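Quick note: numbers below take in every heavy atom, side chains included, and nothing from hydrogens, waters or symmetry partners. Please read all numbers here as calculations on a predicted model, not as lab measurements.
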Amino acid sequence: MTAFSSDFLRIIHERGFVDSCTHADELDALLKKEVVSAYIGYDCTAPSLHVGSLVSIMLLRWLQKTGHRPIVLMGGGTTRVGDPTGKDEARKVLTDEAIAANMAGIKSVFSKYLTFGDGPTEAVMVNNADWLDDLSYIGFLRDYGPHFSVNRMLTFDSVKLRLEREQHLSFLEFNYMILQAYDFLKLARRDGVRLQMGGADQWGNIVNGVELGRRCDGLSLYGLTVPLMTTASGAKMGKSAQGAVWLNEDQLSTYDFWQFWRNTEDADVGRFLRLFTELPLDEIARLEALGGAEINEAKKVLAHEATTLAHGAAAATAAAETARAVFEQGGVGEDLPTITVPSDELAAGLLAPALFTRAGLTASNGEAKRLIKGGGARLNDAPVGDIGRMITDADLKDGEIKLSAGKKNHALVRVG
RNA sequence: GGAGGGGUGGUCGAGUGGUUAAAGGCACCGGACUGUAAAUCCGGCGGGGUAACCCUACGUUGGUUCGAAUCCAACCCCCUCCA
């Protein structure tokens, strides 16, 4: 399974996207023979996707680039059930309103990475609520229930782990894999989809769909998973200073997004360049071979490329420029988070801890005081020193005040 | 329905009447060292207050007590076995 002849499998294999794949040789031949429709499902559990999902989005992008048709499945129906995979406890049941709002946020990401339309290789977005919401219970059970073995279902990790850990698993959640399998069958029948892809944790769910297609319609369906993304030091990937690394700009600024990539661990640079950029492999090989501090150049390239894909070249350049000004010159940049304070308030003076919290650098006044006592808080690059420090318009420098919490978190205060 | 076990801070997990805002680990945040890396070491880690101090918190609601996460009652939820 090393020498694939189809562009898609060859490229994604070279770039490290493939964790496992069903009938790789057959799929390879199919991809050479015809335009293949493949889908990945996204549940609407948050208002945006984050970098954890980015691997699969890049996968769809490569699929389209190599002449096939990506289908983005929004889990409007399955989100109402809740995927138990990888969770110790049932997720809180989301309201239909929350699901709809989340879906709206998630949808917007894909247009950055894929070209949608009606052409043979243009992407399509579908919603499984369209067919799941109206299923009739008895009819569904009679049609598809016989194809699922409970004995077998109990052996899938998503279920098995819950049982082994003696964690509650509701019947509602237990049905998730059946619905996901049905999704695949439905898309195969309706849109001729032949391949489902997803994260490594989705393997069991995907295989169920492959088998359901064969049992019901004698279809040859395929599944492919990407590795679970972790950093070289073992942490789950996707934390920034602000929390999760969201793909939507309204959830995470382009500057913070850029910074996330810039702060990649050395050991991850090559892998991330292959997965999250489209640079040629020989160029990546050169970049990851850089030693010592030089590897920072590779990280900048990574940050620029990844940010360009997500937010556009202008945003990436602006973020890079701000980062350069802030880190390499110790100054300020346009992209730093900025708050505006009324001039009379500033003239009257504001306590440093309160201003830090107001600027979003600390979560509470207490935290701000601790930060100041610990020496991590700076005002115009000078340690604040005293928790009773008053900040006034006398602290303005070129019309703004730079606040810093640690070396990486900065904010600007302007008068307005 | 019956019997037994359990619900502690973001998380895991101690604590079983007072010095417990609650040991310890992880996560997280600062600092040192560096390269805006990793590893390591140091400090911090509920909220408000400059502080004294006040408030909130150990499933929920009541009760006993000078005093409860710790004892009692009822209720809710989870687990195991039985029917």
Side-chain angles (χ1 to χ4, degrees), chain A residues 84 86-90 92-93 161-171 173 230-245 255-273 287-304 307 319-333 335-336 349-354 356-379 381 383-391 403-411:
Chain A
K87 300 186 189 68
D88 260 4
E89 286 174 16
K92 291 175 290 296
V93 180
L161 293 175
R162 280 282 188 92
L163 298 180
E164 279 175 357
R165 294 187 194 180
E166 302 186 346
Q167 294 291 327
H168 174 72
L169 176 73
S170 72
F171 185 65
E173 298 171 278
T230 54
T231 67
S233 39
K236 199 176 288 180
M237 181 182 166
K239 297 284 277 188
S240 76
Q242 322 302 321
V245 181
Y255 170 73
D256 286 321
F257 188 80
W258 192 94
Q259 278 293 316
F260 166 75
W261 296 105
R262 173 62 184 82
N263 284 304
T264 297
E265 295 177 24
D266 288 7
D268 288 325
V269 170
R271 190 162 55 104
F272 285 6
L273 280 167
L287 287 168
E288 76 177 321
L290 294 172
E294 297 235 305
I295 196 142
N296 284 328
E297 291 311 309
K299 294 182 188 180
K300 287 181 194 170
V301 172
L302 170 63
H304 184 264
T307 306
E321 178 50 35
T322 291
R324 198 185 59 76
V326 172
F327 289 99
E328 295 176 20
Q329 302 181 331
V332 299
D335 266 8
L336 288 180
L350 291 157
L351 277 170
F356 271 81
T357 301
R358 196 155 153 185
L361 292 173
T362 48
S364 67
N365 285 356
E367 189 182 317
K369 287 173 194 164
R370 279 182 240 122
L371 182 73
I372 292 169
K373 284 179 187 163
R378 275 165 296 128
L379 169 66
D381 299 308
V384 173
D386 174 20
I387 59 176
R389 171 77 151 84
M390 291 299 285
I391 298 177
L403 300 180
S404 311
K407 289 173 181 154
K408 295 186 189 175
N409 296 307
H410 309 278

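Contact annotation for A:G366: backbone-only contact, meaning every heavy-atom pair under 4.0 Å involves sugar-phosphate atoms and none involves a base. As judged by a 4.0 angstrom heavy-atom cut-off over every strand, A:R262 is placed among the base-contacting residues. A:N365 comes within contact range of the sugar-phosphate backbone alone, with a heavy-atom separation under 4.0 Å but no base atom that close. Within the nucleic acid shown, A:T362 has no heavy atom closer than 4.0 Å to any nucleic acid atom. A:E294 comes within 4.0 angstrom of no nucleic acid atom, judged by non-hydrogen atoms across all strands. Nucleic acid contact class of A:A405 (heavy atoms, under 4.0 Å, all strands): sugar-phosphate only.
Atom CG of A:N263 and atom P of B:A39 are 13 Å apart (whole Å). One atom, CZ of A:F327, and another, C1' of B:G35, lie 12 Å apart when rounded to the nearest Å. Atom C1' of nucleotide B:G30 and atom NE2 of A:H410 are separated by 13 Å, given to the nearest angstrom. Following rounding to the nearest Å, A:F272 (CZ) and B:A38 (P) show an atom-to-atom distance of 12 Å.
Here B:A37 is the nucleotide among B:G31, B:A37, B:U36 with the atom lying nearest to any side-chain atom of A:D266. Among the nucleotides B:G31, B:G30, B:G35, the one closest to any side-chain atom of A:K407 is B:G31.
Judged by Watson-Crick or G-U wobble contacts below 3.5 Å, the nucleotide B:A69 has no partner. The partner of B:U80 is B:A3, by the rule that a Watson-Crick or G-U pair needs both atom distances under 3.5 Å. For B:G9, there is no paired nucleotide, since no Watson-Crick or G-U wobble pair has both relevant distances below 3.5 Å. If you check B:A74 for Watson-Crick or wobble pairing at under 3.5 angstrom, you find it paired to B:U60. A 3.5 Å limit on both hydrogen-bonding distances identifies no Watson-Crick or G-U partner for B:A22. Of all nucleotides present, none satisfies the Watson-Crick or G-U wobble test against B:A51 with each distance under 3.5 Å. Base-pair partner of B:C28: B:G44 (Watson-Crick or G-U wobble, both distances under 3.5 Å).
A salt bridge links A:E328 with A:K300: the distance from a Lys NZ or Arg NE/NH1/NH2 to an Asp or Glu carboxylate oxygen falls below 4.0 Å.
Where A:G388 and A:G376 each meet RNA chain B at their nearest nucleotide, the meeting point lying more 5' is that of A:G376. Heavy-atom nearest nucleotides on RNA chain B were determined for A:G374 and for A:S364, and the one closer to the 5' end corresponds to A:G374.
A:T264 OG1 to A:Q259 CD: the interatomic distance, rounded to the nearest 0.5 Å, is 10.5 Å. To the nearest 0.5 Å, the span separating CD on A:E288 from CZ on A:F272 amounts to 12.5 Å. Distance check: A:K369 NZ to A:L351 CG gives 8.5 Å after rounding to the nearest 0.5 Å.
Taking side-chain N and O atoms only, A:K408 has a distance below 4.0 Å to OP1 or OP2 of B:A37. Close to B:G47, at under 4.0 Å from its OP1 or OP2, lies a side-chain N or O of A:R370. Regarding contacts with the backbone of B:G30, a side-chain N or O of A:N409 is found under 4.0 angstrom from either OP1 or OP2. Between A:K369 and B:G49 there is a side-chain N or O to OP1 or OP2 distance below 4.0 Å.
Among A:V269, A:D268, A:L273, the one residue that satisfies the side chain to side chain contact (heavy atoms under 4.5 Å, CB included) test with A:R271 is A:D268.
A:K408 pairs by the side chain to side chain donor-acceptor pair (under 3.5 Å) definition with A:N263, not counting sequence neighbours.
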